Every structure is written in structure tokens, then in C-alpha cells.
Amino acid sequence: MRVERICDALGAEVTGIDLSRPPDDAAIEAIRQALREHLVLVFRGQKLSAPEQIAFSRRFGDLVRRIRDDFLHPDYPDVLVLSNRKEKGEYVGATPAYAGFTWHADLTYAERPSMGSMLHALEAPAKGGDTAFANMYTAYETLPGETRRKLAGLKAIHVRDRRKNPRAQLTADFDRDADEYYGVPVPDSLHPMVRTHPESGRKALFVSPRFAVAIEGLDDEEAQPLLDELFAHQRRPEFIYRHQWRLGDLVFWDNRCTIHKALGGIEPPGIRHLHRTSIAGDAPF
Ligand code: SIN
């Protein structure tokens, strides 16, 4: 197995491994270490069935599912299907209207957000549909000292319901009943705005415009400009790796120190059909 950096900001390509053959413990440890170092790992040319992707993902922890079952794989609900393919007039998977078009780390509305996720491309468009990933260690380390001091000890409130978040409103292609979709009771979560990665010990900025809507103990007059400053800072181009999907890619990223975003713009008749698995994490500290 070889691991080669693909971008100054973050990300490495891993070659010399066929993930459909269950990797041994040494290979899993090497992947863990590569993830710790590079935050996003790209395995090209893979061909994993849903159960094979589940089995590989489980080597890193229990799997977590989204709160609603829309877009889950009908036979393997640990797999979320992301797709712009339509059958009988309906999308067969979540489009960016339901997943991914606002910068975020996965499932931070939960008390224990996901530690990492994997996306595997079963079909990839010739043009468009890229995913951008940003490095939240660097984002934190490059904040002005005064902002870093201000953030120490502060917690942000993360909510799932887009209707409660002016920065992540529903788009015109959200074609379900929003009251029903967001009616599932999900308690908001409070997370430190700067978290310490439990494996590397490094500090990472831990907010995103998709989920963080307010700051505990601060009124909006103070909190919203601070959030705006952080959201503008965390997506600076020098923190970003932009992944162009190819058939067979499997991308594994660490949700504890990165954020990501679906960039859209798939050129018709391109089809982007991806399987996502998410691995359980622990409570941020
Ligand atoms: C996601 O947010 O997990 C999906 C990103 C994408 O569709 O590019």
C-alpha cells in the first residue's frame, strides 16, 4: 500500500490495495494512520458491493444512520444513496437538496457526531458533481489570536432543521413536505467550537454553516458576526481539496477535523451515483 499526498491543503491517494478483499489488521492500522495524517483518503478503481463497503467501514467503528430513512439503500440501510438518477419520475437517492450543498461535517446535530464517512462512486459524471473538503486544523491555526482566545470554552448550537437556519435554507428542489421531513424530534446539540481530535490531540475548528446556528451564552448581536467570520475563514481556498469523482473512487474522510460540501453542477446527461457509510464517533471535547 502506498500513500501519496494529492493536495497541499489535505488529502492523499492510497494505491496498492483492493478494498473488496477484507484488509488485515496491519492494513487497517496503516489506513487509520494515513487518515490521521492526511484527513481525506482517496482509493481509486475500487469495486465494492454495499455489504463490502459496510464491512470495510465497520473496521473503523459502528455505523450510524441518518434520522430519516429516505434515501437509505432498500436492502442495506447502513448505506445512504446519493444520486441524481430518476426512476419513474423520482430520484433514487438524495440529491444535494437533501445532502451536502452547504459546508458541514456529517451528523454534527447529534450528541455524538460521526467520526468519519466513506463515499463510493458507482457512477460518475464526465463533468461536475465534485466534492470539496476543507482542513479545519489549518482553519483553526490560522485564525487571529484574538479570535482563538474568544473561542476558547465557547459552544455552538447545532440543529438539523434547515428551516431554523437562515444560512442553510431549503432550496426549490426540496420536493418533500418540510414539516414532515423535519418533524422528527431531534434535540439540538451543543459542541465546543474548537474540538480536540481524540487521536492526534490537535485542535480543529468545529462549526459549519449547515448546522451551527448560535452560540451558547452569547446574544445574536455578538454571536452571528463571529459565526460569519468563522464561516468565511474556514472555506478559504488554501484549506481546500476538490475531489473530481471517477467511477470506482472510494473517499474516506475524518469528520472531526474537516468539513465538506457537494459542489453540484453535474452536466446532463451525467449520472453521479454514490454510496455513503458513516462511522460513529464520540462526544467532542
Ligand atoms: C455528503 O455531504 O456527505 C455528500 C457530499 C457530496 O454529495 O458530494
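Each ligand, and each atom within it, is numbered from 1 in the order the structure gives. Note that the coordinates shown come from a computational prediction; the quantities given were computed from them, not determined experimentally.
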Checklist line | Any side-chain donor near an acceptor of the partner, Gln53 and Thr277, under 3.5 Å | finding: yes
Checklist line | Per-ligand residue contacts, ligand 1, heavy-atom threshold under 4.0 Å | finding: Leu82, Gly100, His104, Asp106, Thr131, His260, Ala262, Arg272, Arg276
Next item on the list: Would you please indicate yes or no on a ring centroid separation below 6.0 angstrom for Phe60 and Phe252?
Entry: yes
Margin query: Could you work out, with salt bridge (Lys or Arg N to Asp or Glu O under 4.0 Å) as the rule, every residue matching Arg65, not counting sequence neighbours?
Written below: Asp78
Next item on the list: Verify whether one side chain among His158 and Thr108 offers a donor that lies under 3.5 Å from an acceptor in the other.
Entry: yes
Note to self: Applying side chain to side chain contact (heavy atoms under 4.5 Å, CB included), can you list everything that pairs with Asp70, at least two apart in sequence or on another chain?
What the structure shows: Arg68, Arg176, Tyr181
Notebook entry, point to check: Who passes side chain to side chain contact (heavy atoms under 4.5 Å, CB included) against Thr138, sequence neighbours left out?
Noted result: Asn135, Thr142, Phe239
